[in-house]
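What follows is a short report on a single structure.
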Amino acid sequence: MTEPARTTESVRVRFSPAPTGFLHVGGARTALFNWLFARHHGGTFILRIEDTDVARSREEWITGIQQTLLWLGLRWDEGPVLQSGRFDRYLAAAERLLTEGKAYECFCTEDEVRERNEAARREGRTPGYDGRCRDLTPEQRAAFAGEGRPRSIRFRTPDEGVSCFDDVVRGEVAVEWSTIHDFVIIRSDGTPLFFLANAVDDVDMEITHVIRGEDLLDSTHRVLALRAAFGHPDPPVYAHLPLIVGADRAKLSKRHGAIALEDFRDRGYLPEALVNYLALLGWAPDDGREILTQDELVAAFDLDRVNRSPAFFDYQKLDWMNGEYLRAMSDDQFAASVLRPALERVDVTLPDDAIAALTAAAKPRVTTVNDLADQLSFLVDEKNFEISDAEWARAVATQRAQEVLDIAIAHVERCEWTVEALNFVTELKDAGLKPAKAMPAIYVAIEGRSRGLPAFEAMYVLGRERTLARLRAARRRLDDGLDQAGSGTPD
RNA sequence: GCCCCCAUCGUCUAGCGGCCUAGGACACCGGCCUUUCACGCCGGCAGCACGGGUUCGAAUCCCGUUGGGGGCGCCA
C-alpha cells in the first residue's frame with residue numbers, strides 16, 4: 001500500500017493583497033510567482049482581497065488591482081473573494097477560540113496599549129502586549145464591560161517552547177514563543193484582523209502553498225498557531241520571497257518613486273517585459289536565459305530556484321529589456337502599439353508612408369512609448385519648435401556649419417521626395433566635409449537636438465516646406481551669431 | 001532594546017566541496033559598423049564582506065565578527 005504523496009495533491013495558491021493602495025512592483029512580483037507556480041503545476045490561482053481593515057480599504061483599489069493583474073496577463077481561476085464578505089465566518093472562529101479558552105477578552109484600549117509600548121521602547125524594554133487582561137476573572141470582565149470599556153479579543157500565545165516551520169526558500173525557521181506576544185484577532189469594533197482572516201481562509205480555501213514577501217515571515221508563526229488552534233495542524237507549504245528594495249536597500253515604498261504598476265503602463269512599458277523582468281528578481285532559470293516568454297517562464301519556474309537575498313529594482317535593466325521586446329516586434333505591431341500611441345502623445349497625425357519610414361528608424365532606438373514620444377517631439381508645428389541654446393552650441397561647434405546648411409538647403413530645394421533621394425552625404429563628402437562632424441548641425445536644425453532619429457527620415461516626415469523652413473532658420477541664426485561674435489571678439 | 005532573515009562584480013544573478021586563474025546579463029569604458037544617436041558585433045574594467053575552523057581540497061559546510069534588511073500595531 002503506497003501513501004499518497006503530497007506532490008500529487010493539486011496545488012492551490014492565492015494572491016491576497018490589501019486594497020489600501022495601488023499594486024506596486026513588490027505585490028506584482030508576489031502575484032507573478034504565485035501565478036507561475038500555479039500554472040507550472042497545473043494548479044489553481046486564487047485572488048483574495050484582504051479588506052478586513054474596512055477604514056483603509058477602498059473599492060477603487062480593488063478594481064485597480066484586478067485591472068493591473070489582467071494587464072500583466074495574470075488571470076486568476078477563483079475569486080476575487082472579499083474577506084469583508086466573510087466576517088461571520090471569522091467571528092464564529094473567534095467565538096470558538098474564546099469558549100475554548102484559546103483566546104480572551106481584552107479591555108485595554110488602543111491608546112493604552114500604544115502608550116505602554118512606547119514606554120517600553122523608551123526604556124529599552126521589548127514592546128508587545130503585557131498580558132494585562134490575560135487572566136481576568138469573570139467578575140473583573142463584567143466590571144470592565146459594565147464601565148462601557150471597549151472589548152477586543154486576543155489570541156493567547158504559548159508562554160514557552162519554540163515555534164518552528166519549514167520554509168521552502170529559507171529552510172527551518174524557529175523562534176521562541178516567549179518573544180511572540182498575545183495578539184488581537186477581533187478589534188473592539190467587532191471586526192476581524194489579518195491573522196484571523198488569513199488563517200481561516202487558508203484553511204477554508206484549502207491553500208496548499210503560501211508564497212509571499214519576507215516581510216510576513218514573522219507573522220507566519222502566529223497564523224500557524226491559530227491554524228493549530230482551529231484543529232488544522234497540517235500547515236501549507238510556505239515560501240517567503242526576498243524583498244524588492246529601493247536604492248537605499250530598504251523595502252520598496254511610496255517614497256521610492258514611481259512604483260505603481262499603472263505608472264509603468266502609462267509610461268509605455270510592455271506587460272510582457274515587466275513580467276519577464278520581475279520574474280528575474282529573486283529567481284533565475286537553470287540555463288541562464290534572461291529573455292523568456294510567459295510560457296517559457298511557466299515551464300521553467302519552480303520554488304526551489306528562488307533565492308534568499310533582497311533584490312534592487314533596476315530601471316536600467318528594465319529599460320533594456322523593454323527595448324528588447326520592442327525590437328522583437330513586427331513592424332506592423334510596432335507601428336500600431338508603440339509608434340501611433342507615441343504620436344498621439346505629441347498630438348501629431350501622419351500619413352501611412354511616413355509611419356512606415358519612422359517605424360524602421362525608431363525601432364532600434366526606443367525603450368518605451370514615452371521615450372519615443374520625446375524623440376518625436378520635433379514634429380510639433382513650427383511655432384512650437386524650439387532649439388535649446390545648449391544643443392545649438394554643441395552642434396555649431398563644428399567648423400563650416402554654414403557650408404553644411406547651404407549644401408542641405410540647396411539639396412532639399414530640388415531633390416526628389418523620397419528618404420533615399422534626400423540623402424546628401426555624398427555632397428558633404430565632395431565638399432571635403434566629414435559627415436560625422438557635419439551632421440549634428442543638420443540634426444539640431446531639423447530635430448532641435450544634435451542627436452536623434454535619422455535625419456533623412458525626419459526630413460521626409462516633416463515635408464519639404466517645413467524642412468526648408470527649419471534649415472533656413474538655422475542658417476539665419478548662424479549668421480546672427482557670427483555677427484555678434486564678430487563685433488566683440490576679434491581673433 | 002528584543003526576535004528573525006540575508007551577505008558572489010556598481011546592479012540582477014549562475015555556483016548547491018574539486019569542472020572556478022568564479023560564468024552570464026544590465027550599466028560603464030574602448031573598438032568596428034555608421035548621416036547623429038541608437039541597434040548589432042568584438043574587446044575591456046569589475047566580485048566570493050572579514051576572522052576562525054572542518055576537509056587532501058571551500059565562493060560552496062560550521063562558528064564568530066561586521067554590515068544590511070525585516071518584524072515587534074485594535075496595518076497587511
Give [X] one of three labels, base, sugar-phosphate or nothing, depending on what nucleic acid heavy atoms sit under 4.0 Å from its own.
{"X": "A:Glu391", "value": "nothing"}
{"X": "A:Arg327", "value": "sugar-phosphate"}
{"X": "A:Thr126", "value": "base"}
{"X": "A:Arg48", "value": "nothing"}

Polar-atom pairs under 3.5 Å, protein N or O versus N or O of nucleotides 73-76 of chain B: list them with distances, or write none.
residue, atom, partner, partner atom, Å
B:rG73, N2, A:Arg56, NH2, 2.9
B:rC74, O2', A:Glu110, OE1, 3.4
B:rC74, O2', A:Glu110, OE2, 3.1
B:rC74, O2, A:Ser188, N, 2.9
B:rC74, O2, A:Ser188, OG, 3.0
B:rC74, N3, A:Ser188, OG, 3.1
B:rC74, N4, A:Cys108, O, 2.4
B:rC74, N4, A:Glu110, N, 3.4
B:rC75, OP2, A:Arg187, NE, 2.5
B:rC75, OP2, A:Arg187, NH2, 2.7
B:rC75, O4', A:Arg56, NH2, 3.2
B:rC75, O2', A:Asp53, OD2, 3.2
B:rA76, OP1, A:Thr52, OG1, 2.5
B:rA76, OP1, A:Asp53, N, 3.1
B:rA76, OP1, A:Arg187, NH2, 3.1
B:rA76, OP2, A:Phe194, N, 3.1
B:rA76, O3', A:Glu50, OE1, 3.0

| message | Using a 6.0 Å distance limit plus a 45 degree cone around the ring axis, check whether A:Arg305 lies over the aromatic ring of A:Phe301. | response |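 Because its charged atom misses either the 6.0 Å distance or the 45° angle limit, A:Arg305 does not stack over A:Phe301.
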
| request: Find out whether the Lys NZ or Arg CZ of A:Arg222 is both under 6.0 angstrom from the six-membered ring centre of A:Phe155 and within 45° of the ring's axis. | output: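 That pair does not qualify as a cation-pi contact.
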
| Between A:Glu176 and A:Asn423, who's closer to the 5' end of RNA chain B by nearest nucleotide? |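 It is A:Glu176, whose closest nucleotide lies nearer the 5' terminus.
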
| said: By nearest heavy atom, map A:Gly124 and A:Glu324 onto RNA chain B; which one lands nearer the 5' end? | reply: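 Result: A:Gly124.
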
Between [M] and [N] - [atom1] atom distance, rounded Å:
{"N": "B:rG71", "M": "B:rC62", "atom1": "C1'", "answer": "27 Å"}
{"N": "B:rU54", "M": "B:rU60", "atom1": "C1'", "answer": "13 Å"}
{"N": "B:rC28", "M": "B:rG15", "atom1": "P", "answer": "27 Å"}
{"N": "B:rU13", "M": "B:rA46", "atom1": "C1'", "answer": "15 Å"}
{"N": "B:rG23", "M": "B:rU35", "atom1": "P", "answer": "37 Å"}
{"N": "B:rC41", "M": "B:rG64", "atom1": "C1'", "answer": "50 Å"}
{"N": "B:rC16", "M": "B:rA22", "atom1": "P", "answer": "16 Å"}
{"N": "B:rC50", "M": "B:rU8", "atom1": "C1'", "answer": "15 Å"}

Centroid-centroid distance, [X] to [Y], less than 6.0 Å:
{"X": "A:Tyr238", "Y": "A:Phe165", "value": "yes"}
{"X": "A:Phe144", "Y": "A:Tyr104", "value": "no"}
{"X": "A:Phe15", "Y": "A:Trp76", "value": "no"}

Just by distance, with hydrogens left out, do [X] and [Y] show a side-chain donor and acceptor under 3.5 Å apart?
{"X": "A:Asp319", "Y": "A:Tyr269", "value": "yes"}
{"X": "A:Ser84", "Y": "A:Asp51", "value": "yes"}
{"X": "A:Asp332", "Y": "A:Ser330", "value": "no"}

Calculate the interatomic distance between [X] atom [atom1] and [N] atom [atom2]; express it in whole Å.
{"X": "A:Tyr443", "N": "B:rA38", "atom1": "OH", "atom2": "C1'", "answer": "10 Å"}
{"X": "A:Glu160", "N": "B:rC3", "atom1": "CD", "atom2": "C1'", "answer": "18 Å"}
{"X": "A:Trp392", "N": "B:rU36", "atom1": "CH2", "atom2": "P", "answer": "20 Å"}
{"X": "A:Ile180", "N": "B:rC4", "atom1": "CD1", "atom2": "P", "answer": "10 Å"}
{"X": "A:Glu118", "N": "B:rG1", "atom1": "CD", "atom2": "C1'", "answer": "15 Å"}
{"X": "A:Trp177", "N": "B:rC2", "atom1": "CH2", "atom2": "C1'", "answer": "17 Å"}
{"X": "A:Lys434", "N": "B:rU36", "atom1": "NZ", "atom2": "C1'", "answer": "15 Å"}
{"X": "A:Asp319", "N": "B:rC39", "atom1": "CG", "atom2": "P", "answer": "12 Å"}

| For A:Phe107 against A:Arg149, the heavy-atom pair lying closest together |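 Where A:Phe107 meets A:Arg149 most closely, the heavy atoms are O-NH1, 2.7 Å.
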
Whom does [N] pair with, Watson-Crick or G-U wobble, provided both distances fall under 3.5 Å?
{"N": "B:rG1", "value": "B:rC72"}
{"N": "B:rA14", "value": "none"}
{"N": "B:rG40", "value": "B:rC32"}
{"N": "B:rA7", "value": "B:rU66"}
{"N": "B:rA59", "value": "none"}
{"N": "B:rC19", "value": "none"}

| side chain to side chain donor-acceptor pair (under 3.5 Å) evaluation trace for A:Thr368 with A:Asn322 | CA-CA 7 Å; A:Thr368 63; A:Asn322 205 59; 5.7 Å; no

| Expected output: side-chain A:Glu447 to main-chain A:Leu453 donor-acceptor under 3.5 Å |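 It does hold such a pair.
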
| Exam field: side chain A:Glu391 to backbone A:Ser450, donor-acceptor pair closer than 3.5 Å |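 Judged by distance alone, yes, a pair lies under 3.5 Å.
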
| said: If we check ring-ring contact (aromatic ring centres under 6.0 Å, His included) with A:Phe264, which of these qualifies: A:Tyr277, A:Phe22, A:Phe313? | reply: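 By the ring-ring contact (aromatic ring centres under 6.0 Å, His included) criterion, A:Phe264 pairs with just one of A:Tyr277, A:Phe22, A:Phe313: A:Phe313.
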
| field | ring centroid sep under 5.5 Å plus plane angle under 30, A:Trp320 with B:rC26 | value |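 Given the distance and angle limits, no, they do not stack.
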
| Can you tell me if the side-chain N/O atoms of A:Lys251 get under 4.0 Å from OP1 or OP2 in B:rG71? |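 Yes, within the criterion.
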
Between the protein and nucleotides 62-64 of chain B, are there any N/O to N/O pairs under 3.5 Å, and if so, what are the atom names and distances?
none

Under 3.5 Å, N/O pairs linking protein and nucleotides 5-13 of chain B:
residue, atom, partner, partner atom, Å
B:rC5, O2', A:Arg170, NH1, 2.7
B:rC5, O2', A:Glu214, OE2, 3.0
B:rC12, OP1, A:Arg249, NH1, 3.3
B:rC12, OP1, A:Arg249, NH2, 3.2
B:rC12, OP1, A:Phe312, N, 2.9
B:rC12, O2', A:Leu280, O, 3.1
B:rU13, OP1, A:Gly282, N, 2.7

| Which value, rounded to the nearest 0.5 Å, describes the distance between A:Glu296 atom CD and A:Asn276 atom CG? |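 If I round to the nearest 0.5 Å, the distance is 9.0 Å.
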
